[in-house]
Amino acid sequence: MNDNRSGENNLKRGLNFIEAIVEEDLKEGKNGNRVHTRFPPEPNGYLHIGHAKAICLDFGIAERYGGKCNLRFDDTNPIKEETEYIESIREDIHWLGYDWEKREYYASDYFGQLYNFAVDLIRKGLAYVDDQSSDLIAEQKGTPTVPGIESPYRSRPAEENLSLFEKMNSGAFPEGSRVLRAKIDMASPNMHMRDPIIYRIIKHPHHRTGNRWHVYPMYDFAHGQCDYFEGITHSLCTLEFEVHRPLYNWFIDQLQTDDYRPRQIEFNRLNLNYTVLSKRKLLELVKEGKVNGWDDPRMPTLCGLRRRGYTPESIRNFVASIGYTKVEAINDVSLLEFAIREDLNKRAPRVMAVLNPLKVILTNYPEGKTEELETINNPEDESMGVRTIPFSKEIYIERDDFMEDPPKKYFRLAPGREVRLKSAYIIKCVDYKTDEQGNILEVYCTYDETTRSGGPDADRKVKGTLHWVSVLHALEAEIRLYDRLYSDPDPSGHRGKDPKTFLNPDSLKIITGYVEPGLKNSKPLDHFQFQRVGYFNLDPDSTPGRLIFNRTVPLRDTWSRGQASGT
RNA sequence: UGCCCCGUGGUGUAAUUGGCAACACGUCUGACUCUGGAUCAGAAAAGUUCAGGUUCGAGCCCUGACGGGGCAACCA
């Protein structure tokens with residue numbers, strides 16, 4: 001793994017700041033030289049490329065330093081969490097190439113320990129039951145610039161707290177009627193320290209513990225302690241949890257029995273331009289039918305990217321290339337596209353496919369004749385071998401590859417011009433037919449038999465080489481062309497404007513194209529390079545009689561780029 | 001206007017204990033090519049937010065400004 005160029009570059013550059021910290025800790029012999037991380041998703045949605053960044057770090061650090069990485073589902077809120085998501089999360093992590101072995105845990109595994117810990121805090125006078133409404137509690141919390149005020153229930157005797165908390169859990173009180181709060185400091189400059197709520201009453205059944213509990217720990221009360229229970233040495237999370245760290249430490253202070261405590265390190269979240277990475281907003285797209293499900297190839301979800309044709313290696317390389325820092329960065333999607341092109345260039349077989357067909361008739365080619373021409377599968381990898389493709393009198397070429405009146409640097413077919421048909425013959429345009437509107441209907445060419453690939457005049461130089469497909473043999477296929485989902489570089493960055501305002505109406509275009517017959521036997525998710533066009537893969541919607549391809553990413557195209565900029 | 005974090009080419013990242021600002025993407029040339037792909041060669045592009053200070057020497061240390069982000073869910 002990582003034996004490609006960007007992988008090497010990555011090794012060449014220094015450690016990221018987290019690796020540096022880990023190495024420092026190792027050097028100091030902390031935690032008995034253990035390195036133990038965890039990836040802690042909430043099972044309330046599908047994983048997206050932002051999670052991939054965290055996964056690669058969590059598992060990557062463990063791998064690199066001979067440690068372990070747990071998978072832990074942070075399932076502290078039964079209202080939002082579902083088993084459906086757990087399955088998809090497991091699948092996506094495995095697909096990326098990581099394995100947690102038997103170490104699959106759940107925050108709910110620790111509900112008992114957490115409950116006992118809460119009871120402990122109550123006994124020590126460090127937690128109390130508050131009977132006030134959430135509005136009132138919020139009001140008393142103050143603001144970042146104004147200190148909060150203490151709850152009238154703050155000094156409730158431990159015995160009373162104990163019995164109330166017990167009743168909260170036995171279901172004696174309605175949801176929202178009471179909470180358990182840590183007693184810390186209502187005047188703290190850190191809002192999270194102002195007597196945070198640590199338990200609330202929820203009567204919705206939990207996907208794993210059913211109706212056993214009626215109180216559930218808040219994330220802030222569960223997360224750090226779960227890390228502690230699991231012996232995590234390095235708790236890696238995103239920047240927004242920085243201000244939570246003092247609170248987590250406060251809890252661990254009460255729990256700690258020796259030197260060990262998890263060390264939390266925060267890194268920058270992944271942002272991509274033209275992309276939205278918020279589970280809530282992605283869920284909206286799915287629910288409102290703006291896309292066709294979580295695995296719609298336009299989605300930044302891992303299942304969406306997979307269906308689009310992205311490989312796990314490409315995603316890992318991409319993640320490695322953008323690095324980990326404490327700066328809020330916005331990455332350009334071109335980096336992601338580079339990663340998938342780089343990977344697919346090495347592994348995708350080249351095939352012939354014409355997306356926008358124009359019929360070419362070879363006037364001097366024998367009627368009814370068919371040839372099987374040999375062609376190489378991948379010039380980047382000889383071990384991928386050769387195959388044959390059928391050739392006959394009528395072929396399709398790309399409409400763009402013919403012009404009646406071409407500009408100067410146009411290398412392709414035009415009246416009187418010669419081009420090579422890839423792996424076949426050099427042909428010359430002798431005539432063409434248009435309709436009344438001037439649309440090109442057919443092009444007539446002669447072929448030169450001696451120029452067949454491998455033949456005596458095969459080396460004759462011509463400017464252009466075209467891909468083609470035999471009309472007689474080609475398979476019709478549905479081609480799904482994807483463009484960015486949003487037309488604005490920062491769809492979530494406009495205050496008061498729903499990102500959906502910026503949805504690109506042309507993000508999906510479905511066309512019918514023609515592909516070489518050998519593609520009949522391809523399997524879902526098989527990757528191909530449609531020569532001169534782009535990378536495509538077979539969509540799982542395909543049926544034996546109907547091939548459906550997704551465009552993963554177009555090929556780099558310096559010609560059309562030059563055209564667009566007018567040079 | 002409280003607390004916390006952060007400012008290095010267009011973008012993302014590097015720069016041993018202070019020592020000529022490096023790499024990748026992108027952009028632009030040119031070469032080569034039976035993919036206008038790939039590959040190869042090259043170029044433009046920051047003097048490190050600003051102002052002071054320490055030092056023989058500061059992107060790295062100190063101070064202060066300015067700018068960006070985060071924090072006030074019975075969400076995670």
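Atom set for the values below is all heavy atoms of this structure, side chains included, hydrogens, waters and symmetry mates excluded. Quick note on labels: first sequence line is chain A, next is B, and so on, each numbered from 1.
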### Query
Between I137(A) and R181(A), is a side chain to side chain contact (heavy atoms under 4.5 Å, CB included) present by the stated rule, with each step listed?
CA-CA 10 Å; I137(A) 291 175; R181(A) 294 228 252 166; 3.7 Å; yes
### Message
Can you give me the dot-bracket string for RNA chain B, 5' to 3', counting Watson-Crick and G-U wobble pairs with both distances under 3.5 Å, using [ ] for crossing pairs and | for partners on another strand?
### Response
.((((((..((((.....[..)))).(((((.......))))).....(((((..]....))))))))))).....
Which nucleotide in [options] has an atom nearest any side-chain atom of [X]:
X       : options                : answer
R561(A) : C28(B), A76(B), G37(B) : C28(B)
D74(A)  : G36(B), A76(B), U13(B) : A76(B)
I137(A) : C34(B), U35(B), C74(B) : C74(B)
N331(A) : C74(B), G12(B), C71(B) : G12(B)
T465(A) : U13(B), A76(B), G36(B) : G36(B)
S334(A) : C75(B), U35(B), G26(B) : G26(B)
R412(A) : G36(B), C25(B), G12(B) : G36(B)
S134(A) : C74(B), C75(B), U35(B) : C74(B)

If we take the [atom1] atom in both [N] and [M], what is their distance in whole Å?
N      : M      : atom1 : result
G52(B) : A22(B) : P     : 26 Å
C4(B)  : A44(B) : C1'   : 40 Å
G64(B) : U54(B) : C1'   : 15 Å

### Task
Identify whether any heavy atom of Q132(A) sits under 4.0 Å from a base atom; if not, whether one sits that close to sugar-phosphate; answer base, sugar-phosphate or nothing.
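Counting heavy atoms under 4.0 Å across all strands, the contact made by Q132(A) includes a base.
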### Query
Taking the inter-plane angle between the rings of F221(A) and F251(A) on a 0 to 90° scale, is it parallel (under 30°), tilted (30 to 60°) or perpendicular (over 60°)?
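Aromatic pair F221(A)/F251(A) classed perpendicular.
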### Task
Using the six-membered ring wherever Trp is involved, compare the ring planes of Y115(A) and Y199(A) and label them parallel, tilted or perpendicular (cut-offs 30° and 60°).
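Rings of Y115(A) and Y199(A): perpendicular, as their planes differ by over 60°.
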#### Entry: R561(A) and D557(A) ion-paired at < 4.0 Å
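Salt bridge between R561(A) and D557(A), a charged N being under 4.0 Å from a carboxylate O: no.
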### Query
Any ion pair linking R532(A) and D401(A) (charged N to carboxylate O, less than 4.0 Å)?
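A salt bridge is present here (some side-chain N lies under 4.0 Å from a carboxylate O).
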### Task
Determine whether the side chains of T552(A) and N537(A) contain a donor N or O and an acceptor N or O closer than 3.5 Å.
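No pair is found: no donor N or O on one side chain lies under 3.5 Å from an acceptor on the other.
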Restricting to nitrogen or oxygen on both sides, can you table the protein-nucleotides 30-33 of chain B pairs closer than 3.5 Å?
none

Test of understanding: with side chain to side chain donor-acceptor pair (under 3.5 Å), list the residues that count as partners of [X], not counting sequence neighbours.
X       : result
S334(A) : D332(A)
E230(A) : N70(A), R72(A), Y110(A)
D195(A) : Y128(A), R154(A)
E371(A) : Y365(A), Y425(A), R452(A)

#### Entry: Pairs involving residues 164-178 of chain A, ordered by first then second residue, that meet side-chain hydrogen bond (donor to acceptor under 3.5 Å, both in side chains) (sequence neighbours left out)
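Listed once each, the pairs are D131(A)-R178(A).
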### Query
Any side-chain hydrogen bond (donor to acceptor under 3.5 Å, both in side chains) pairs touching residues 133-142 of chain A, not counting sequence neighbours?
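Residue pairs with at least one partner in residues 133-142 of chain A: Q132(A)-Q140(A).
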### First encountered from the 5' end of RNA chain B, between P217(A) and R350(A)
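Residue closer to the 5' terminus by nearest nucleotide: R350(A).
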### Query
Which sits closer to the 5' end of RNA chain B, M191(A) or R200(A), going by the nucleotide each is nearest to?
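Of the two residues, M191(A) wins.
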### Query
Mind checking what makes side chain to side chain contact (heavy atoms under 4.5 Å, CB included) contact with P144(A), not counting sequence neighbours?
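In terms of side chain to side chain contact (heavy atoms under 4.5 Å, CB included), with neighbours along the sequence ignored, P144(A) is linked to M191(A).
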Can you measure [X] atom [atom1] to [N] atom [atom2] for me and round it to whole angstrom units?
X       : N      : atom1 : atom2 : value
R556(A) : G37(B) : CZ    : P     : 7 Å
H192(A) : A76(B) : NE2   : P     : 13 Å
F318(A) : G26(B) : CZ    : C1'   : 14 Å
K279(A) : A73(B) : NZ    : P     : 21 Å
N268(A) : G12(B) : CG    : P     : 10 Å
D557(A) : A38(B) : CG    : C1'   : 14 Å
I198(A) : A76(B) : CD1   : P     : 13 Å

### Message
Determine whether the aromatic ring centres of residues F267(A) and F17(A) are separated by less than 6.0 angstrom.
### Response
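For F17(A) and F267(A), the ring centres are not under 6.0 Å apart.
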### Contact list for RNA chain B against residues 169-188 of chain A - heavy-atom distance below 4.0 Å
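The answer is G176(A), V179(A).
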Is there a donor-acceptor contact under 3.5 Å from the side chain of [X] to the main chain of [Y]?
X       : Y       : result
N190(A) : P246(A) : no
Y410(A) : F402(A) : yes
H51(A)  : H48(A)  : yes
D92(A)  : Y46(A)  : no

### Query
Any N or O donor-acceptor pair linking the side chain of E380(A) to the base of U39(B) at under 3.5 Å?
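For E380(A), whose side chain was compared with the base of U39(B), there is no donor-acceptor pair (under 3.5 Å).
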Under 3.5 Å, N/O pairs linking protein and nucleotides 3-7 of chain B:
none

Please list each protein N or O that sits under 3.5 Å from an N or O in nucleotides 46-48 of chain B, with the distance.
none

### Query
Does G69(B) fall in syn (glycosidic angle within 90° of 0) or anti?
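Anti, since the glycosidic angle lies more than 90° from 0.
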